[in-house]
Peer 1: 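Handing you this structure, nothing more for now.
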Protein chains: 2
Amino acid sequence: MNTLAEENYLKSIYHLSLNDVNVSTNQIAAALNTKAASVTDMLKKLADKALINYAKYQGVTLTAAGEKIALHIIRKHRLWEYFLVEKLHFKWDEVHEMAEEMEHISSIELIDRLDKFMDYPKHDPHGDPIPDRNGNFKKYELKPIAALNVNENGIISGVRDHSPAFLQYLGKQQLTIGKKIKVTEIIDYDLSMILQVEQTEIHISREVAKNLLIAI
Amino acid sequence: MNTLAEENYLKSIYHLSLNDVNVSTNQIAAALNTKAASVTDMLKKLADKALINYAKYQGVTLTAAGEKIALHIIRKHRLWEYFLVEKLHFKWDEVHEMAEEMEHISSIELIDRLDKFMDYPKHDPHGDPIPDRNGNFKKYELKPIAALNVNENGIISGVRDHSPAFLQYLGKQQLTIGKKIKVTEIIDYDLSMILQVEQTEIHISREVAKNLLIAI
DNA sequence: TAAAAAATTTAGACTTGTCTAAAAAATTTA
DNA sequence: TAAATTTTTTAGACAAGTCTAAATTTTTTA
């Protein structure tokens with residue numbers, strides 16, 4: 001098996017790969033709160049194990065083997081988050097740190113049984129898809145509410161910012177996964193938006209609108 | 001917080017302390033599958049942190065602080081074992097290794113909620129007591145079936161040997177926690193015993209009788 | 001396109017936890 | 001109780017993962 005550090009590198013590289021094909025040393029260092037020199041050392045090890053494609057100064061991509069491991073860690077992270085929210089009743093802004101530890105529990109059988117226990121959830125509490133045991137999941141597209149025009153509507157299906165502060169704010173405003181929203185007005189001055197959510201109108205800044213995602 | 005290695009040392013010292021007041025370097029080395037020299041190094045660190053009382057060549061005892069940590073790890077281990085058996089339907093001989101990893105998940109709130117989720121179980125799947133959040137548990141005494149005479153009876157309440165092989169054997173014979181047993185015969189020749197368990201008679205060796213415990 | 005700036009890698013060092021081999025202390029035994 | 005044996009500790013080394021500082025490569029910019 002891989003070390004904890006290796007698993008965290010693979011997971012970060014996977015997430016960064018969603019935005020850029022080649023992931024840079026500095027991006028990884030920032031994501032893992034470490035130094036570029038440390039990243040270079042680890043990249044050599046991961047390349048030796050054939051988990052990444054690495055050419056000096058060129059950035060990295062995951063190999064098929066590396067991506068498989070990354071997706072399995074993400075599967076574990078998201079299933080544990082679902083467990084923490086649905087079974088232990090934590091709030092969606094409280095579970096990330098715990099899941100960061102739990103995602104490294106190694107047993108595959110354990111996670112498959114946990115999946116069954118919860119009746120095979122498709123999304124974690126933040127709307128992110130949960131890969132199945134083979135690493136497959138539907139790559140549905142989401143777009144920010146900021147991209148909507150007046151009178152357009154959608155269902156809240158994800159967040160771009162996973163910080164506790166943002167999640168807490170959304171929770172307080174009842175802007176949670178599954179809620180149906182409609183844009184009733186866009187303020188010219190600052191591009192902030194007024195949304196119709198169930199019976200109430202909610203005013204959100206452009207910043208919030210960019211980080212709150214709806215299904216297309 | 002403490003490192004994973006430190007937690008494992010404290011836990012081992014706690015378990016060994018149940019048999020001997022002072023725990024020796026070699027005992028710890030054997031329990032942790034490491035070398036005496038490595039143990040000496042770690043004992044110095046734990047003593048510096050005031051988690052153990054350590055005098056060179058004299059063996060160690062846990063301080064109150066060290067015992068508290070050890071009991072919390074044991075609490076986590078046993079609650080996760082209960083979860084794995086009761087909720088995920090693993091067999092009692094399958095859960096130890098998984099719980100060895102899960103016991104190091106740090107959140108106290110998580111384990112308290114898990115405890116509540118399972119309705120505050122008092123014993124793990126092997127009959128061992130689960131400490132509460134303050135490290136308290138009933139210190140009930142158990143004795144081996146080997147200590148019984150003919151016609152005496154009791155309720156299976158624990159095991160002395162936690163190895164998968166022993167647990168699997170017991171499971172197959174229906175010799176599980178909570179079963180009522182009565183000694184119907186003791187064979188002079190090898191001190192093996194014939195037990196009445198529910199409707200059936202089961203013949204167990206002296207070795208088994210020494211490792212299977214009943215409530216006094 | 002050459003100089004400046006930024007990104008990345010290398011070199012050497014440090015910490016944690018481990019090891020082997022040798023030394024020292026404690027215990028057993030004759 | 002002195003010698004032999006066992007246990008424990010010390011000394012020095014190593015691997016993993018990290019760091020700082022310096023060197024190198026790439027990218028940007030003037």
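Every chain is numbered from 1, with letters handed out A, B, ... down the list of sequences.
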Peer 1: Does NZ belonging to K143(A) count more than 12 external heavy atoms closer than 6.0 Å?
Peer 2: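 Above 12, so yes.
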Peer 1: Do you see a donor-acceptor pair shorter than 3.5 Å between the side chains of E101(A) and H104(B)?
Peer 2: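 Checked: E101(A)/H104(B) side chains show no N/O donor-acceptor pair below 3.5 Å.
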Peer 1: Would you indicate, yes or no, if dT8(C) has its OP1 or OP2 atom less than 4.0 angstrom from a side-chain nitrogen or oxygen of K56(A)?
Peer 2: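 No, K56(A) has no side-chain N/O under 4.0 Å of OP1/OP2 on dT8(C).
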Peer 1: For the side chain of Y57(A), counting heavy atoms from C-beta on, which of dT9(C), dT18(C), dT10(C) is nearest?
Peer 2: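 Output: dT9(C).
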Peer 1: Please tell me whether T61(A) and N53(A) have a donor and an acceptor in their side chains that are separated by less than 3.5 angstrom.
Peer 2: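 Short answer, yes.
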Peer 1: What is the distance from CG of N22(A) to P of dA7(C), rounded to the nearest Å?
Peer 2: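 Rounded to the whole Å, the gap is 16 Å.
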Peer 1: Are D93(B) and Q168(B) linked by a side-chain donor-acceptor pair shorter than 3.5 Å?
Peer 2: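 Short answer, yes.
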Peer 1: Nearest heavy atom decides the nucleotide; on that basis, is D41(B) or T3(A) closer to the 5' end of DNA chain D?
Peer 2: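 The residue whose closest nucleotide sits nearer the 5' end is D41(B).
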Peer 1: Give the rounded distance in Å between these two atoms: NZ of K35(A) and P of dC14(C).
Peer 2: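 After rounding, the gap between these two atoms is 17 Å.
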Peer 1: Which of the following nucleotides, dC19(C), dT8(C), dT16(C), is nearest to the side chain of S38(B)?
Peer 2: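 Ranking dC19(C), dT8(C), dT16(C) by closest atom to the S38(B) side chain puts dC19(C) first.
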Peer 1: Fill in the dot-bracket string of DNA chain D, one character per base: . for unpaired, | for a pair to another strand, ( ) or [ ] for pairs within the strand, taking Watson-Crick or G-U pairs under 3.5 Å.
Peer 2: ||||||||||||||||||||||||||||||
Peer 1: Calculate the interatomic distance between L4(B) atom CG and dT18(C) atom C1'; express it in whole Å.
Peer 2: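 From L4(B) CG to dT18(C) C1': 14 Å.
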Peer 1: Rounding to a whole Å, what distance do you find between L32(B):CG and dC19(C):C1'?
Peer 2: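 After rounding, the reported distance stands at 15 Å.
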Peer 1: Count the heavy atoms of every other residue, nucleotide or ligand shown that sit under 6.0 Å from NZ of K116(A), and state whether that count exceeds 12.
Peer 2: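 12 or below, so no.
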Peer 1: Taking CG from L43(B) and P from dT16(C), how many angstroms apart are they, rounded to a whole number?
Peer 2: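 Rounded to the whole Å, the gap is 16 Å.
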Peer 1: If the cut-off is 4.0 Å, is K44(A) near the phosphate of dT9(C), judged by side-chain N/O to OP1 or OP2?
Peer 2: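 So the side chain of K44(A) is outside the cut-off, no N or O lying under 4.0 Å from OP1 or OP2 of dT9(C).
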Peer 1: Just the rounded figure in Å: distance from C1' of dT16(C) to CD of E6(B).
Peer 2: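 After rounding, the reported distance stands at 10 Å.
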Peer 1: Going by atom types alone, do H162(B) and D128(B) pair a side-chain donor with an acceptor below 3.5 Å?
Peer 2: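 Checked: H162(B)/D128(B) side chains pair up, N/O donor to acceptor below 3.5 Å.
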Peer 1: Has K91(A) got more than 12 heavy atoms of other residues, nucleotides or ligands less than 6.0 Å from its NZ?
Peer 2: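 Incorrect, the count does not exceed 12.
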Peer 1: Is a donor from one side chain sitting under 3.5 angstrom from an acceptor on the other, for Q58(A) and N22(A)?
Peer 2: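 Side chains of Q58(A) and N22(A): no pair found under 3.5 Å.
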Peer 1: Looking across every strand, which nucleic acid part, if any, lies under 4.0 Å from T40(B) by heavy atom: base, sugar-phosphate, or nothing?
Peer 2: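 Since a base atom lies under 4.0 Å of T40(B), the category is base.
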Peer 1: When you list every nucleotide of DNA chain D with an atom under 4.0 Å from a heavy atom of chain B, which one comes first 5' to 3', and which comes last?
Peer 2: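 Contacts span dT7(D) to dT10(D), reading 5' to 3'.
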Peer 1: Rounded to whole Å, please give me the gap between CE in M42(A) and P in dT10(C).
Peer 2: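 Those two atoms, CE and P, are 16 Å apart.
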Peer 1: If you assign Q58(A) and Y9(A) each to the DNA chain D nucleotide with the nearest heavy atom, which residue ends up on the more 5' nucleotide?
Peer 2: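 Final value for this comparison: Y9(A).
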Peer 1: Just by distance, with hydrogens left out, do D190(A) and S192(A) show a side-chain donor and acceptor under 3.5 Å apart?
Peer 2: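 Yes, side-chain donor-acceptor contact under 3.5 Å.
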